[in-house]
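Written below as structure tokens is the structure these notes are about.
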There are 2 protein chains.
Amino acid sequence: MKTTIDDVAALAGVSIKTVSRVMNNEPAVRATTRDKVMKAVEELNYRPNAAARSFASKHSFTIAVLYDNPNAYYVTDIQRGLLNCLRRQNYELIIHPVSASENYDDIISSLKLGARVAGVVLTSPFSEDQTLLDRLTQEDIAYVKIISSALPDDIDEHAVYVDDAAGSEQISRHLVQLGHRNIAAVMGTESHFSSIQRLEGFKRVMKQNDIEVPETSIIASEYTFDAGQEAGIKLLSRASRPSAILAGNDELAAGVLSAARQLDLKCPDDVVIAGFENSPFSRQSWPQLTTVHQNNIYIAELAALRLLAKVSGKGDTSEPLSYTPRLIVRESTVGKV
Amino acid sequence: MKTTIDDVAALAGVSIKTVSRVMNNEPAVRATTRDKVMKAVEELNYRPNAAARSFASKHSFTIAVLYDNPNAYYVTDIQRGLLNCLRRQNYELIIHPVSASENYDDIISSLKLGARVAGVVLTSPFSEDQTLLDRLTQEDIAYVKIISSALPDDIDEHAVYVDDAAGSEQISRHLVQLGHRNIAAVMGTESHFSSIQRLEGFKRVMKQNDIEVPETSIIASEYTFDAGQEAGIKLLSRASRPSAILAGNDELAAGVLSAARQLDLKCPDDVVIAGFENSPFSRQSWPQLTTVHQNNIYIAELAALRLLAKVSGKGDTSEPLSYTPRLIVRESTVGKV
DNA sequence: AAAATAAATGACAGCGCTGTCAGTTTCCGT
DNA sequence: ACGGAAACTGACAGCGCTGTCATTTATTTT
């Protein structure tokens, strides 16, 4: 037999409304009353019915995260960050990997149907899809987007800005300072803003240093090991072999590294390779990769915090949220330390 | 203004109960009636209120997965497999990474409080924790556990059995067949059944081949790169250096590989190294790792299927569910192919 | 000590749907 | 064409909680 709020009220000798107040930590309850209720709750091992609660209150304690990212480290980091924040407030996280084929209606439907979420966290590329954002607004679903961009003038309070370009500039500058002039880049496809931003940062630094980068030295590909390997082979078997290669993420960099090995080129002696993201295997590759650290757990925490502030209506939501990645130098560019 | 079931009923000219029947795909509705209702639903863009629905029906369309696993690839594979199955039936997945410190009550509470789940999928080590299983039964929460074991005589219909020992035997036999006699093992800690099973399989094969394995050749450690590295250094700098090392998973193996490199030992020429799991970086390491393939996506699909069968009451639940991993031979044991 | 104010508590309706069961229509065999 | 079974549909209660607002009790003010 499951205990209801009525049982608790009866045992504690108060009204069900008072029990409700205690369960929801509402302020207007005398301490002695609260204790009385809590004792009854414990004695009966009472737990409120979540369905009834969110039905009656029209409020959901579930938020969803949308992503389309093959990178396991990214995905788990984002999840962990979100949960770090949500757990404290007793929210649950439902996950929503979306395959490219799905259309907006399917996404919206499952958001409303499955769990009637309180809000959604959007990662790239959904965070960049204005049509989807409009649909969410129209359907009255709160959202926060994690987006690759420097802090703009007109700040969107729904956004967490990640300044990929700045990170890319740092690492590009590092390569230049090391004396490299023939530098190639293996970047992700344009479907993600981050790819574009990272390429932008790279190009900007090259220009600042009067380094010409021919079109053939820039390859766009998927964020995968295999794509990195393929691109690496192409670049490193050219007559004018680049002395440094900047990869769009660590996985690509690992692929390039593998290509170098296949061609019997030593890293960093024959070619210097840099990654992006500071994912675990940038440390596990050999040599360890110079990369740009992006604290995705922290970024996700920011996103969750903002989303909770929005759905609960309390907390400041005007403060801009942003994150700037930072350079991490390891062996793949400077050799043994 | 949000549309309710009443609006739809009015527009379609039927009772709300009939609309309810249509929305839930119940059988006893004439085709023409169904069409009439569907038209009204589309016209009004009606979506049932999930909270009200699960409140009234006492049924939840959410299941949770519990894990305590630092391995990003494992986690995302399990999630993907579960969702593959759940999506088709319009269930949602909430994720529940659990830190070691949490106690049973906290776990149960959040399961009941946050989303009143229909059921739970348990991965190791929770799947092996009888106290927790008992608590779940007592709280009337359906579960399925993914557990490391050969198919036993008394089959538990809540279990998906993964025969780690058999996989371990395959790879151990492979090492023996390659002519190795001085073989060491770097295994996970005993907190996971899988570690124990993998070690068992290894020992069994050694015994079958009359190979003595001294205690010092078996190291138990965390399933991490760093632990593998540490263990590798220890094993490979011994006087009687092993000619082959079997690691408990790919991450450990990568660590051992890194240790070999530090000691200027070539793999597979000086020492042969094997992993377990066939995670992506067994392919991305250099040389690529011989390993045991464990299809976690498939395993998770089995688990989800069984759980749905249990909570919905339809579908066969008597058939035993099991999976046997299989050997994958790559360069780290046999060299260039 | 009475009046005015604030704090704490309770009564009650109703959220939007589903389960139950009774009522109505259709179908079939004879 | 008729009775009975089967298929379909609707009326209605009520799930367990929260929001609103009225009521009671404690606290402060004059």
Side-chain angles (χ1 to χ4, degrees), chain A residues 1-38 40-41 44-62 90 112-116 118 140 311-313, chain B residues 1-38 40-41 44-62 90 112-116 118 140 311-313:
Chain A
M1 194 49 219
K2 52 200 78 152
T3 58
T4 72
I5 196 170
D6 298 83
D7 304 326
V8 179
L11 181 60
V14 298
S15 73
I16 58 168
K17 181 66 220 193
T18 298
V19 177
S20 170
R21 285 198 180 89
V22 172
M23 296 313 291
N24 291 286
N25 281 312
E26 284 172 35
V29 181
R30 198 170 310 162
T32 58
T33 313
R34 184 178 299 272
D35 291 345
K36 228 171 20 180
V37 172
M38 286 310 289
V41 166
L44 297 170
N45 193 25
Y46 166 71
R47 290 207 193 75
N49 178 326
R53 189 198 278 223
S54 69
F55 170 51
S57 68
K58 300 168 176 350
H59 179 46
S60 152
F61 281 87
T62 308
N90 282 314
K112 297 209 113 170
L113 240 178
R116 173 149 295 216
D140 206 30
V311 301
S312 71
Chain B
M1 194 51 219
K2 52 201 77 153
T3 58
T4 73
I5 197 170
D6 298 83
D7 304 325
V8 179
L11 181 60
V14 297
S15 74
I16 59 167
K17 180 66 222 194
T18 298
V19 177
S20 170
R21 287 198 179 89
V22 173
M23 296 313 292
N24 290 287
N25 280 313
E26 283 172 36
V29 181
R30 198 168 308 163
T32 57
T33 313
R34 184 178 299 272
D35 291 345
K36 227 170 25 181
V37 172
M38 285 310 288
V41 166
L44 297 170
N45 192 26
Y46 167 71
R47 290 208 194 76
N49 178 327
R53 191 199 282 231
S54 69
F55 171 50
S57 68
K58 299 167 176 350
H59 179 50
S60 150
F61 281 88
T62 307
N90 282 315
K112 299 209 112 172
L113 240 179
R116 171 147 296 213
D140 204 32
V311 300
S312 72

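Letters A, B, ... are given to chains in the order of the sequence lines, protein chains preceding strands, and every chain is numbered from 1. The basis for the numbers below is simple: all heavy atoms, side chains too, and nothing from hydrogens, waters or symmetry mates.
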- request: Specify the residues of residues 27-35 of chain A, ordered by number, for which at least one heavy atom lies under 4.0 angstrom from an atom of DNA chain C.
  value: A:Ala28, A:Val29, A:Arg30, A:Thr33
- prompt: Which pair of heavy atoms, one from B:Ala52 and one from A:Phe55, lies closest together, and at what distance?
  reply: CB-CE1, 3.3 Å
message: Minimum heavy-atom separation for B:Ala51 and A:Ser54, please, with both atom names.
response: CB-OG, 3.6 Å
Counting only pairs under 3.5 Å, give me each side-chain donor-acceptor contact of residues 10-23 of chain A, with atom names and distances, residues two or more places apart or in other chains.
{"from": "A:Ser15", "atom 1": "OG", "to": "A:Lys17", "atom 2": "N", "distance (Å)": "3.4"}
{"from": "A:Ser15", "atom 1": "OG", "to": "A:Thr18", "atom 2": "N", "distance (Å)": "3.3"}
{"from": "A:Ser15", "atom 1": "OG", "to": "A:Thr18", "atom 2": "OG1", "distance (Å)": "3.3"}

- prompt: With respect to the phosphate group of D:dG10, does any side-chain polar atom (N or O) of B:Thr18 fall under 4.0 Å of OP1 or OP2?
  reply: yes
query: Which pairs, with at least one residue in residues 22-37 of chain B and sequence neighbours excluded, count as a side chain to side chain donor-acceptor pair (under 3.5 Å)?
result: B:Asn24-B:Arg53
- prompt: Once you round to the nearest 0.5 Å, how far does CG of A:Leu44 lie from OG1 of A:Thr4?
  reply: 9.5 Å
message: Return a single string for nucleotides 12-18 of chain D, one symbol per nucleotide in 5' to 3' order, where B is base contact, S is sugar-phosphate-only contact and - is none, cutoff 4.0 angstrom on heavy atoms.
response: ---BBBB
- prompt: For B:Ala56, what residues pass the side-chain contact (heavy atoms from CB on, under 4.5 Å) criterion, not counting sequence neighbours?
  reply: none
